[in-house]
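By convention in this document, chain letters (A, B, ...) are assigned in the order of the sequence lines, proteins followed by strands, and residues within each chain are numbered from 1.
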Amino acid sequence: MALEAAGGPPEETLSLWKREQARLKAHVVDRDTEAWQRDPAFSGLQRVGGVDVSFVKGDSVRACASLVVLSFPELEVVYEESRMVSLTAPYVSGFLAFREVPFLLELVQQLREKEPGLMPQVLLVDGNGVLHHRGFGVACHLGVLTDLPCVGVAKKLLQVDGLENNALHKEKIRLLQTRGDSFPLLGDSGTVLGMALRSHDRSTRPLYISVGHRMSLEAAVRLTCCCCRFRIPEPVRQADISSREHIRKSLGLPGPPTLRSPKAQRPVACPKRDSGESSGEGQPPQDHSPGPRTASRPGSQEQAGKDWQ
DNA sequence: GCGACAG
DNA sequence: ATCTTGTCGC
């Protein structure tokens, strides 16, 4: 049997997925629903979550989904859960959620059952929110299904609705001089789809922030900035580190036993103010703190809707 | 044929 | 997404 690798999911599956996105999109709330979101210092915010999925190199099926929860504003890991999963849906631009969200949902539900007190008040998601082909990216998808406030944090510009990573765009990026600087991403449809944000003083490449669910774009950008010790906001970065580390172990690699230097973590300055941030940039020294609880067992997940085969 | 393509 | 040590700089 030839693999479906060549053309990806059939047109029929894509239209099913589009219908699902359209259906769920009606539930997106693109404004602040919590008091802390409007507070200049985010007082009342205590836990910020991050999710990510990492992949096994030569494998198109095995992956590791992680959910971490960080204290705010300290940004220390207070919860971490990683789980090996078997991906069923292929990656198709515009349909990332159908590949990753089911597993992230399970992690959130597990947390809800076992440690409800650690439930994050907002989730930073690796990917876009309303900055999407149909205005419903993975951050919206996860937000609606969990009913948690969510923020889309993408590392590359998704070129939709006339948005282009062209000379003009690059020039605007060049004008972002310090952490917190940003400019709106205005689509041809006349809607502001998101913001390009310089998240760190020592990082040239911006992040592309967009609304996921239950939070305004302004608050989303402000919060993202408050979570950045480096270019990638800590919740997402820690989730990424955890999932990769989990894969290493599961592959039986002789990774560093329990060697992790707990470098002094200092809170990130939220208000616009310089505080001599001088660390690397991008993805520098990875100081992974072994989270309190770590229960995970390799195994395969049963997925609903593998109808593209 | 060419370019785009979140993760 | 994944491949990645040493190395240049503050």
Hey, does the side chain of [X] reach the backbone of [Y] with a donor-acceptor pair shorter than 3.5 angstrom?
X	Y	answer
Arg83(A)	Phe103(A)	no
His200(A)	Arg229(A)	yes
Ser66(A)	Ser82(A)	no
Thr13(A)	Pro9(A)	no
Asp39(A)	Ala41(A)	yes

Q) Would you write out the dot-bracket form of DNA chain C, 5' to 3', with Watson-Crick and G-U pairs under 3.5 Å, [ ] for crossing pairs, | for pairs to other strands and . for unpaired bases? A) ..........

Provide, to the nearest angstrom, the distance between the [atom1] atom belonging to [X] and the [atom2] atom belonging to [N].
X	N	atom1	atom2	result
Leu131(A)	dG7(B)	CG	P	10 Å
Phe98(A)	dA1(C)	CZ	C1'	19 Å
Phe95(A)	dA4(B)	CZ	C1'	15 Å
Lys156(A)	dT2(C)	NZ	P	11 Å
Leu96(A)	dA1(C)	CG	C1'	10 Å
Ile232(A)	dA6(B)	CD1	P	15 Å
Leu207(A)	dG7(B)	CG	P	10 Å
Arg202(A)	dC8(C)	CZ	P	20 Å

Q | Full working for side-chain contact (heavy atoms from CB on, under 4.5 Å) between Val151(A) and Leu123(A) | A | CA-CA 6 Å; Val151(A) 176; Leu123(A) 275 179; over 6 Å; no

Presence of [X] side-chain N/O under 4.0 Å of [N] phosphate oxygens OP1/OP2:
X	N	answer
Arg99(A)	dA6(B)	no
Ser93(A)	dG7(B)	no
Lys155(A)	dG7(B)	yes

**Q.** Inter-residue atom distance Gln46(A).CD - Leu70(A).CG, 0.5 Å rounding
**A.** 14.0 Å

**Q.** Under-4.0 Å salt bridge between Arg214(A) and Asp30(A)
**A.** no

Check every atom of [options] against the side chain of [X] and return the nucleotide holding the closest atom.
X	options	result
Asn128(A)	dA6(B), dG7(B), dT2(C)	dA6(B)
Lys57(A)	dC3(C), dG7(B), dA6(B)	dC3(C)
Glu100(A)	dA6(B), dG7(B), dC5(B)	dG7(B)
Asp126(A)	dA4(B), dG7(B), dA6(B)	dG7(B)

Q. Is the centre of the Phe95(A) ring less than 6.0 Å from the centre of the His133(A) ring?
A. no

Q.
Between dT2(C) and dC5(B), how far apart are the two C1' atoms, rounded to whole Å?
A. 16 Å

Q: Kindly confirm whether the side-chain ring of Tyr91(A) is stacked on the base of dA1(C), judged by centres under 5.5 Å and planes under 30°.
A: no

Q) So with a 6.0 Å cut-off around CZ of Arg31(A), is the heavy-atom count from everything else above 12? A) no

Q: Determine the contact category for Val56(A): base if any of its heavy atoms lies under 4.0 Å from a base atom, sugar-phosphate if only primed atoms, P, OP1 or OP2 are that close, otherwise nothing.
A: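 The residue Val56(A) makes no contact with any strand.
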
Q. Hey, does Gly94(A) reach any base, or is it just sugar-phosphate, or nothing, if we go heavy atoms under 4.0 Å?
A.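 The answer is base, as Gly94(A) lies within the cut-off (heavy atoms under 4.0 Å) of a base atom.
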
**Q.** Canonical and wobble pairing (Watson-Crick, G-U, under 3.5 Å) of DNA chain B, dot-bracket with |
**A.** .......

